[in-house]
Amino acid sequence: MLAELDALKSTGWRGRVFIVDDNFIGNKKNVRRFMPQLIEWSRRNGFPFSFITEASVNLAEDDALLEQMKVAGFFHVFLGIETPVEESLKEAQKGQNTRRDLLESVRKIQSYGMEVMAGFILGFDNDPDDIFDLQMRFISESGIPLAMVGLLTALPDTQLWRRLDKEGRLLHDSTGNNTDCTLNFVPKMDSTRLVEGYKNVLRNIYSPREYYCRALDCLSRSHSDRAESRQASVRETARSVFDIVLTLGVLDRYRREFWNYTYQLLRHHANDFAHGLTLAAMGYHFRQVTNKYCGKSQLSH
């Protein structure tokens with residue numbers, strides 16, 4: 001790992017590095033051996049990178065590891081939250097998510113200066129009638145700007161695929177895109193209602209006002225005073241500030257919301273201003289995806 005980081009640094013790259021692992025803490029013994037060396041490497045090299053990774057929600061239970069990740073320069077963690085509904089989590093065999101308060105787990109990780117990104121799924125057999133409201137409420141209360149919501153998809157040779165095949169509910173192969181509003185199986189909920197509810201969730205969470213509110217909430221919870229580690233993020237974003245301001249502050253129809261957000265950034269999160277602009281750009285991207293699949297004219301303010 002350190003040899004790879006040395007090689008990457010030698011290319012001149014400075015900024016975000018994604019440590020790609022489906023679960024960074026899946027082998028805690030090795031992670032605990034690795035983290036002190038990563039901290040020493042980062043300090044010795046002037047914190048050239050900010051790190052992103054994926055982990056299970058039980059990361060929130062390990063304060064010592066969270067502290068090490070904070071010191072090493074981890075600023076983003078992707079969690080597979082999936083749903084706030086316990087019965088649906090059991091259906092998905094996400095037992096680790098049922099043994100803890102999910103909101104408190106997110107807030108615990110955020111308190112160590114790490115921004116939480118998360119995946120959510122709609123379409124489980126056990127989803128209640130109010131699942132759309134439950135998902136939107138959880139995403140709002142958790143302060144997760146980058147909430148990647150998709151429709152349940154049955155992939156070949158998975159347990160889900162085999163069960164649905166046995167029940168005669170498979171329709172066709174997956175497109176490989178769980179955001180294109182298509183279903184490759186017959187859901188328990190009326191399929192039209194499921195797809196329309198999914199679209200409504202996306203319209204809500206990526207409407208400018210709602211998204212900017214979550215972004216500000218996220219910055220308040222995951223603020224870090226580690227200026228040396230923020231340098232990589234600032235350098236990376238500074239190159240794109242002009243493009244972001246031009247697109248969102250001049251050309252975008254929601255520019256009023258952008259300038260209000262920018263004012264709040266400068267007033268309350270000046271030290272995180274560059275990252276705040278990055279979040280705005282990411283929200284714009286997700287809004288374009290929502291426009292593509294949900295209809296631009298229907299996107300609410």
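Ring pair F49/W41: centre-to-centre distance below 6.0 Å. Between Y284 and F258, a ring centre-to-centre spacing not shorter than 6.0 Å is recorded.
A salt bridge links R163 and E91; the closest N-O separation between the charged side-chain nitrogens and carboxylate oxygens is under 4.0 Å. Using a 4.0 Å cut-off between charged nitrogen and carboxylate oxygen, E196 and K199 count as a salt-bridge pair. Ion pairing of D101 with R107 is absent here, as no side-chain N (NZ or NE/NH1/NH2) approaches a carboxylate O to less than 4.0 Å. Using a 4.0 Å cut-off between a side-chain N of Lys or Arg and a carboxylate O of Asp or Glu, R221 and D217 qualify as a salt bridge. A salt bridge links D63 with K108; the closest basic N to acidic carboxylate O contact falls under 4.0 Å. K28 has a carboxylate O that lies under 4.0 Å from a charged side-chain N of D62, or vice versa, which qualifies the two as a salt bridge.
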Between M69 and M114, is a side chain to side chain contact (heavy atoms under 4.5 Å, CB included) present by the stated rule, with each step listed?
CA-CA 9 Å; M69 293 174 71; M114 283 180 275; 3.9 Å; yes

Output, in order, the C-alpha distance, side-chain angles, deciding distance and verdict of side chain to side chain contact (heavy atoms under 4.5 Å, CB included) for N177 and Y293.
CA-CA 11 Å; N177 182 351; Y293 293 120; 3.0 Å; yes

Would N200 and M136 satisfy side chain to side chain contact (heavy atoms under 4.5 Å, CB included), going step by step from the backbone distance to the final call?
CA-CA 9 Å; N200 188 54; M136 289 187 289; 4.0 Å; yes

Given the rule in the side chain to side chain contact (heavy atoms under 4.5 Å, CB included) test, do N204 and I139 qualify, once you have shown the distances and angles that lead to the verdict?
CA-CA 10 Å; N204 173 272; I139 291 168; over 6 Å; no

Audit row: T182, D180, side chain to side chain donor-acceptor pair (under 3.5 Å) steps and yes/no:
CA-CA 6 Å; T182 64; D180 63 1; 2.7 Å; yes

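Side chains of M1 and F34 form a contact here, defined as non-hydrogen atoms less than 4.5 Å apart. No side-chain heavy atom of S191 sits under 4.5 Å from any side-chain heavy atom of V186. At a threshold of 4.5 Å between non-hydrogen side-chain atoms, the residues E54 and F18 count as touching. When side chains are defined from C-beta on, R209 does not count as touching Y254, because their heavy atoms never get closer than 4.5 Å. Residues V149 and L122 meet the side-chain proximity criterion, which asks for heavy atoms closer than 4.5 Å. Looking at heavy atoms from C-beta onward, H275 lies in side-chain contact with L279 at the 4.5 angstrom threshold. Between M189 and I131 the shortest side-chain heavy-atom distance falls below 4.5 Å. Side chains of I81 and F138 form a contact here, defined as non-hydrogen atoms less than 4.5 Å apart.
Here L194 contributes atom CG and T192 contributes atom OG1; the two are 9.5 Å apart, rounded to the nearest 0.5 Å. With rounding to the nearest 0.5 angstrom, the SG atom of C218 is 10.0 Å from the CE atom of M117. Rounded to the nearest 0.5 angstrom, L277 CG and T262 OG1 are separated by 6.0 Å. A distance of 6.5 Å separates CG of L5 from CD1 of I19, quoted to the nearest 0.5 Å. Rounding to the nearest 0.5 angstrom, the gap separating the CZ atom in R32 from the CD atom in Q68 is 8.5 Å. Taking CG of L155 as the reference point, atom OG1 of T153 lies at 6.5 Å (rounded to 0.5 Å).
Criterion: ILVMFWY side-chain heavy atoms under 4.5 Å apart, direct or through other members. Under it, V289 and V201 are not part of a common hydrophobic cluster. Put simply, V241 and L248 are part of the same group of oily side chains (I, L, V, M, F, W, Y) that touch within less than 4.5 Å, one to the next. Following chains of ILVMFWY side-chain contacts shorter than 4.5 Å, one cannot reach L171 starting from Y198, and the two form parts of different hydrophobic clusters. By the criterion of side-chain heavy atoms lying less than 4.5 angstrom apart, applied directly or through intervening Ile, Leu, Val, Met, Phe, Trp or Tyr residues, Y212 is grouped together with L266 in one hydrophobic cluster. Note on Y263 and I244: separate hydrophobic clusters, where clusters join Ile, Leu, Val, Met, Phe, Trp and Tyr whose side-chain heavy atoms are under 4.5 Å apart, directly or indirectly.
Of all heavy-atom pairs between R43 and F47, the closest is CG-CZ, 3.5 Å. Nearest heavy-atom pair across N97 and G80 is ND2-O, 3.0 Å. Of all heavy-atom pairs spanning S42 and A72, the tightest one is OG-O, 3.4 Å. Across L219 and G276, no two heavy atoms sit closer than the pair CD1-CA, 4.2 Å. Residue P84 comes nearest to Q135 through the heavy atom pair CD-OE1, 3.3 Å, listed as atom of the first residue, atom of the second, then distance. When all heavy atoms of F120 and A147 are compared, the closest pair comes out as CE1-CB, 3.8 Å.
The backbone N or O of M35 sits nowhere less than 3.5 Å from a side-chain atom of E40 that would complete a donor-acceptor pair. Within the 3.5 Å criterion, the main-chain N or O of D252 finds a donor-acceptor partner in the side chain of R255. With hydrogens and angles disregarded, no donor-acceptor distance shorter than 3.5 Å links the side chain of R203 to the backbone of N291.
By the neighbour-count criterion of 12 heavy atoms within 6.0 Å, atom CG of D21 is densely surrounded, having more than that number from other residues, nucleotides or ligands. More than 12 heavy atoms of other shown residues, nucleotides or ligands fall within 6.0 angstrom of atom CZ in R44.
Residues H269 and Q264 have side chains that never bring a donor and an acceptor to within less than 3.5 angstrom of each other. A donor-acceptor contact under 3.5 angstrom links the side chains of S56 and N23, judged on distance only. Between the side chains of S174 and N184, no donor-acceptor pair of N or O atoms lies under 3.5 Å.
Exactly one residue among D125, N126, T98 makes a side-chain contact (heavy atoms from CB on, under 4.5 Å) with E87. That residue is N126.
Figure legend: cation-pi geometry between R214 and Y206, with NZ or CZ positioned under 6.0 Å from the six-membered ring centre and within 45° of its axis.
Relative ring orientation between F51 and F74 is described as tilted, the plane-to-plane angle lying within the 30° to 60° band.
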